[in-house]
Visitor: 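I am attaching a structure below and will ask some questions about it afterwards.
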Amino acid sequence: DVLLLSFGIWDMQYPPSNSSELGVGNFQAALATFLGRLEQSLRRLGRRPDLYWLSVTAVADARLPAWKRPRMSAALSERYNQIARPQLERLGIQFVDTYTSGRAHPELSLDGVHFAPALSRHHAQLFWQRLCAAVEQDVENGQTPFERRRRRRAQKAARGELRRGR
């Protein structure tokens, strides 16, 4: 199982009282709340999917409409990522860096936030590369999805939780 996460742009675009500083604090609080609830949910679920987070992509400052410029910037995107990355990695959530490629190609954004299909495909490729590398490592370690499923079924059977035919 895999869970792909990403957030932050809307937090940046619509900060409390239109204040970037309040937005940073709000993002920190929302991230902490989200990660705490995610951990609780995963504990209740009894298993943990592979978790990935697409970073907050760079904002193409010069392409933003005038009303967004006081609220959003590539520097602020980077700050959000600096806040999030250590917390995510501490919980074993793999960080997929979409910021660097967005920062390198602001010309590929028409509105400062959304990027052309070529860059979006690149971001998808970054994720797939990380995912495939993890699967290869699992196979090398004998941890294929089939093997994990077989072990979970055996554990459930030992606890008497496995229903016939399931």
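Excluded from the calculations below are hydrogen atoms, water molecules and symmetry mates; all remaining heavy atoms, backbone and side chain alike, are included. Model, not experiment: these values are computed from the prediction.
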Visitor: Assess the side chains of Gln125 and His123: does a donor N or O sit below 3.5 Å from an acceptor N or O?
Guide: no
Visitor: In this structure, would Leu64 and Val24 fall into the same cluster of hydrophobic residues linked by side-chain contacts under 4.5 Å?
Guide: yes
Visitor: Is there a path of hydrophobic side-chain contacts, each under 4.5 Å between heavy atoms of I/L/V/M/F/W/Y residues, joining Leu5 to Phe127?
Guide: no
Visitor: Considering non-hydrogen atoms only, spot the tightest contact between Ala74 and Arg103 and give its length.
Guide: CB-NH1, 2.5 Å
Visitor: Which residue pairs pass the side chain to side chain donor-acceptor pair (under 3.5 Å) test when at least one of the two sits in residues 70-80, sequence neighbours left out?
Guide: Asn18-Arg71, Glu21-Arg79
Visitor: For the backbone of Leu108 and the side chain of Arg63, can you confirm whether one donor and one acceptor N or O come within less than 3.5 Å of each other?
Guide: no
Visitor: Is it possible for you to say whether Leu76 and Ile9 belong to one hydrophobic cluster, with membership spreading through side-chain heavy-atom contacts below 4.5 Å?
Guide: yes
Visitor: If you measure from CG on Leu35 to CG on Leu91, what distance do you get to the nearest 0.5 Å?
Guide: 5.5 Å
Visitor: What residues, two or more places apart in sequence or in another chain, satisfy ring-ring contact (aromatic ring centres under 6.0 Å, His included) together with Trp67?
Guide: none
Visitor: Considering all heavy atoms of both residues, which atom of Pro70 and which atom of Ser20 are nearest to each other, and what is their separation?
Guide: O-OG, 3.2 Å
Visitor: Parallel, tilted or perpendicular for Phe7 and Trp53, by the 30°/60° rule?
Guide: perpendicular
Visitor: Do Leu42 and Phe34 belong to the same hydrophobic cluster, where Ile, Leu, Val, Met, Phe, Trp and Tyr are linked whenever their side-chain heavy atoms lie under 4.5 Å apart, directly or via other members?
Guide: yes
Visitor: Nearest 0.5 Å please: distance from the CG atom of Asp1 over to the CG atom of Leu45.
Guide: 8.0 Å
Visitor: When rounded to the nearest 0.5 angstrom, what distance separates NE2 in His122 from OG1 in Thr100?
Guide: 8.5 Å
Visitor: Group every Ile, Leu, Val, Met, Phe, Trp and Tyr by side-chain heavy-atom contacts under 4.5 Å, then state whether Leu38 and Val2 land in the same group.
Guide: no
Visitor: Do Arg121 side-chain atoms and Ala116 backbone N/O form a donor-acceptor pair below 3.5 Å?
Guide: no
Visitor: What closest approach, in Å, do Asp97 and Leu126 show between heavy atoms, and which atom pair accounts for it?
Guide: O-CD1, 3.3 Å
Visitor: Which heavy atom of Ser55 sits nearest a heavy atom of Asn81, and at what distance?
Guide: CB-OD1, 3.3 Å
Visitor: Quick one: ring-ring contact (aromatic ring centres under 6.0 Å, His included) partners of Tyr99, sequence neighbours excluded?
Guide: none
Visitor: To the closest 0.5 Å, what do you measure between OG1 (Thr57) and NE2 (His114)?
Guide: 10.5 Å
Visitor: Hey, what do you get for OH (Tyr52) to CG (Leu131), rounding to the nearest 0.5 Å?
Guide: 4.5 Å
Visitor: Please name the pair of heavy atoms, one in Phe27 and one in Gly8, separated by the smallest distance, quoted to 0.1 Å.
Guide: CE1-CA, 3.8 Å
Visitor: Set out, in order, the CA-CA distance, both residues' side-chain angles and the distance that settles side-chain contact (heavy atoms from CB on, under 4.5 Å) for Val59 and Met12, then state yes or no.
Guide: CA-CA 10 Å; Val59 171; Met12 189 187 315; 4.2 Å; yes
Visitor: How long is the gap from CH2 on Trp10 to CE on Met72, to the nearest 0.5 Å?
Guide: 9.5 Å
Visitor: Determine yes or no for a side-chain-to-main-chain donor-acceptor pair under 3.5 angstrom, with Asn141 supplying the side chain and Gln137 the backbone.
Guide: yes
Visitor: Where do Gly23 and Pro15 come nearest, in terms of heavy atoms and distance?
Guide: CA-CB, 3.6 Å
